[in-house]
Colleague: 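Please find one structure pasted underneath; my questions will follow.
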Amino acid sequence: MPDWSYHPLKKLLLDKISPKTSREFIHKSMSTIASIPGGRNLIGFLGHMKPAREFQKEINHTGFPSPIGLSGHIDPNLSGINAFQELGFGFVEIGPIVLNEPQKQNEPKREKDQILFSDNQEKVPLKLAIKKIINLNIRIPIFAKIDAQVNRNEWDIIIQHLTPLVDAFIGTNEQMNSYVENNVVGLERSFYVSLSTDELNKKEFKMGKLIQHTGIDGIVVNAPHRTEDSYWYEVANANKCLAKTIKQVKDLHPELTVITSGGVETPNDACTLFRAGADLAMLTDGYVKAGPGLPKRIHERLLYEEDRPIKHQNWYLSFLFGLSILIGGIIALYFAFTSIILPYDESFLGLTRADILQVNPLILSFMSHDRMALAGTMISGGILYIQLARHGIKYDMHWARIAFHSAAIVGFLGIFLFIGFGYFDWLHGLFWLILLPIYYFSFREGKKVTGTPYSSQGQNDKVWQYGLYGQLMFIILGFLIVVGGIVISTIGVSNVFVSTDLSYLCMSPQMLDSISSNLIPVIAHDRAGFGSALVSVGLLVLMLSLWGFRKGERWIWNTLAIGALPAFIAGIGTHIYIGYTTFIHLLPVYFLIILYLVGLVLSYPFLKRNKNSVSKTKCTP
C-alpha cells in the first residue's frame, strides 16, 4: 500500500477504528497480495521500493540489503512479515518472543495522533514465530527479540528452536549477564543488548565493561519514551535525544555496532541518526504515521546526500522515437481535418469521398472524429516519450527506461488490432516499419540505464501531503485511460459502435453495411487503433505518476500538464467540431479532465518547488 493510497485511507477509515484493527487490515492485505502469484511484482510495480545496491552492507557476518528495519512493536502477530521485504526494509525484528502466549496482553491505543503501547504489550509465542518463518519465503535478516521476563528454561528453549531460523537475537543487559556470558546456552547467532537512552546516560553505566563481554555483538538503543497509566509513547524530541546518545557512544567506541529503535518519523530523522553514527535503524510508530513508503523515502534522502558525478546516458534515439510519434500524430491530424480518408481507403471501400458525402455526410464526420482523437493521443504520447528521454533516460533513471519501453511495446502490439476486422491500413503499417528500427536501437541504448532516483524531500509537511493527493489523481487518471483504451479497443474489434454513435449517424449497422460491406471494418480499424494508442499513453501517465513524483521534479509536472493537453483538446474539440456533443458520451472525458486539473493544482507546490533547497550533509550509513 503506497503512501498515495495509504494516507487517504488512513484519514477516511484507519484513524476511525482501533489501532490493532487497522494494523491487521493493512498487514494482512499486504501479505495476501505478496502471497499470490505475481503479487510481489505488483507491489514492486506500484511502489518501486527495492533499495539500491549502494545500501548493501555486511555487519557481523550478516548481509543487509538496507540499513532500515522494522521494529517488532509494529507487527506482533507477524501478519505483515511476508510483505515487509517488498517495501524496502533491510531486516525485521520479531518479538518480544515468549514460550507461551500470556493471558494478559493489551493492544496499543490511539490518543489524537499518538500511538500508545502498553507495558503489557502483545507478545509473539514461539510456535507462531516458528510457523511464520518456516512457511514464508523471507529473504531479509530476522532479529528475534526475547521478552525480558522469560526465565532460564524458557530462554534455552527459545534459543534452541530459533537459532536455525533467525540471524540475530536481541535481549536485555540482565539476560546477557545471566545467560550469554555464563554460557548457559552457547549462541551461534549475533547477540545485541537492548538499552534505553536513559540507561546509557546514567553515570554509573559502564559501556566499556559491557562491550568487553565476549557474547555481545552490538547494542540496540531505544528512543526515549514517557509512560502514563501503563502506556508509553515516544517523547517529542526523541530523535534529537537518540542522536545525541548515539554520537556519545560512537565517539568513545567507534567499533561498536549500534542499532536504533524508534525516533524516526521522517527521512530527515533517519539522516540525523546515521549522521550521528548509527549502523542500522528500526522504525516504530513513525512508520505508521508516515506510511509504508517511508523506507523508500529514506533511501532516496540518503542517496541525495551522496556526492556522485552526474551520469549522462545516450538518449537521442529514444528522443527520436518520441519525436517520430509526435510528427506522425501531426500528420494524422492534418489528414483528419482535410481529406479524412486516403486513396487506399477509397479503394478498399469501393467508394470515393464524394460518394460517402452524397449518402450521409455524417459518416465522414464520424470517421474524422475517431482519427482526430487518435492523432491527439499520438501527439500526447510523443510528448511523454520525449520528456522521458530528455529528463529520465538521459539522467540514468531506471524507472524512466521501464516506463518508456513498457508503453512502447504495448503500442507496437496494437498493430494487431488494426487488422482485427480484416482491414490493414498501409499508412499505419509503413509508420510502424519506420518506427521499429528506431525503437530497436533506442531499446539497445537504454540497457545501460540503471540509476536509482534520489530526493531532497525530508519532511512530512503539508506540501508533501498535498502532493500525495495530486499523485493519486494522476494515478487514477492513468489507470482510467488504460481501462478506457481497453474498452474502446474491445468495442472496435467487436460491436464497433455504441448506441450514441448510431444516434449521431442516424443509421443502423445494417444500413452502413448496405452502403459498403467494407465500411464498418474501416471504422472498426480506426476505433481499435485509437484504443490501443490510449492504452499506451495511459500506461505512460500511470508509470510517470507512480514512479516519478519527487520533490522539485518540475519536469514531471510540466510533462503531465503539457502532455495531456493534445489528447484532451482533440477528445473534446473533435466532438464539438462535428457536432457530436451527447453529454453521456463525453462524460468520461469530462471526469478525466477534472482529475487532471485537480492533480495539477494539488501537486504544483510539491513538484515545482526547488528540489535542491536542502543543503547536503553526509549522512549515508
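In this chain, numbering begins with 1 at the start of the sequence shown.
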Colleague: Quick one: are H428 and H525 in side-chain contact, heavy atoms under 4.5 Å?
Modeller: yes
Colleague: Do NZ/NE/NH1/NH2 and the carboxylate oxygens of R550 and E300 come within less than 4.0 Å?
Modeller: yes
Colleague: Between Y439 and F412, is the ring centre distance below 6.0 Å?
Modeller: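 Centroid separation for Y439 and F412: below 6.0 Å.
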Colleague: Does a side chain donor of either N558 or K608 reach within less than 3.5 Å of an acceptor in the other side chain?
Modeller: yes
Colleague: Is it true that R527 and D501 make a salt bridge, defined as a side-chain N closer than 4.0 Å to a carboxylate O?
Modeller: yes
Colleague: Is any side-chain heavy atom of Q457 closer than 4.5 Å to one of F606?
Modeller: yes
Colleague: Let me know which of K551, H299, K296 forms a side chain to side chain contact (heavy atoms under 4.5 Å, CB included) with S455.
Modeller: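 One option only clears the test, and that one is K551.
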Colleague: Taking the six-membered ring for Trp, are the ring centroids of F89 and Y287 within less than 6.0 Å of each other?
Modeller: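 Yes, close enough.
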Colleague: Do L539 and S406 come within less than 4.5 Å of each other through their side chains, counting heavy atoms only?
Modeller: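 Heavy-atom side-chain distance check fails, nothing below 4.5 Å.
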Colleague: Just so I know, are the side chains of I331 and F431 near enough to count as touching, which here means a heavy-atom distance under 4.5 Å?
Modeller: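 No, too far: nothing below the 4.5 Å cut-off.
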Colleague: Answer yes if the ring centres of Y385 and F319 are under 6.0 angstrom apart, and no otherwise.
Modeller: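 No, ring centres 6.0 Å or more apart.
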Colleague: Taking the cut-offs as 6.0 angstrom to the six-membered ring centre and 45 degrees off its axis, would you call R401 and W315 a cation-pi pair?
Modeller: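 Not flagged: R401 not positioned over aromatic ring of W315.
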Colleague: Decide if atom NZ of K10 counts as having more than 12 heavy atoms of other residues, nucleotides or ligands within a radius under 6.0 Å.
Modeller: yes
Colleague: Does the gap between the ring centers of F321 and F441 come in under 6.0 Å?
Modeller: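 No, they do not, as the ring centres are separated by 6.0 Å or more.
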Colleague: Check this for me, if you would: do D345 and R371 make a salt bridge, where the nitrogen-to-carboxylate-oxygen distance has to be below 4.0 angstrom?
Modeller: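 Yes, this pair counts.
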Colleague: Any side-chain heavy atom of M473 within less than 4.5 Å of one from I594?
Modeller: no
Colleague: Any chance the rings of W547 and F45 have centres within less than 6.0 Å?
Modeller: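 When the ring centroids of W547 and F45 are compared, they turn out to be within the sub-6.0 Å range.
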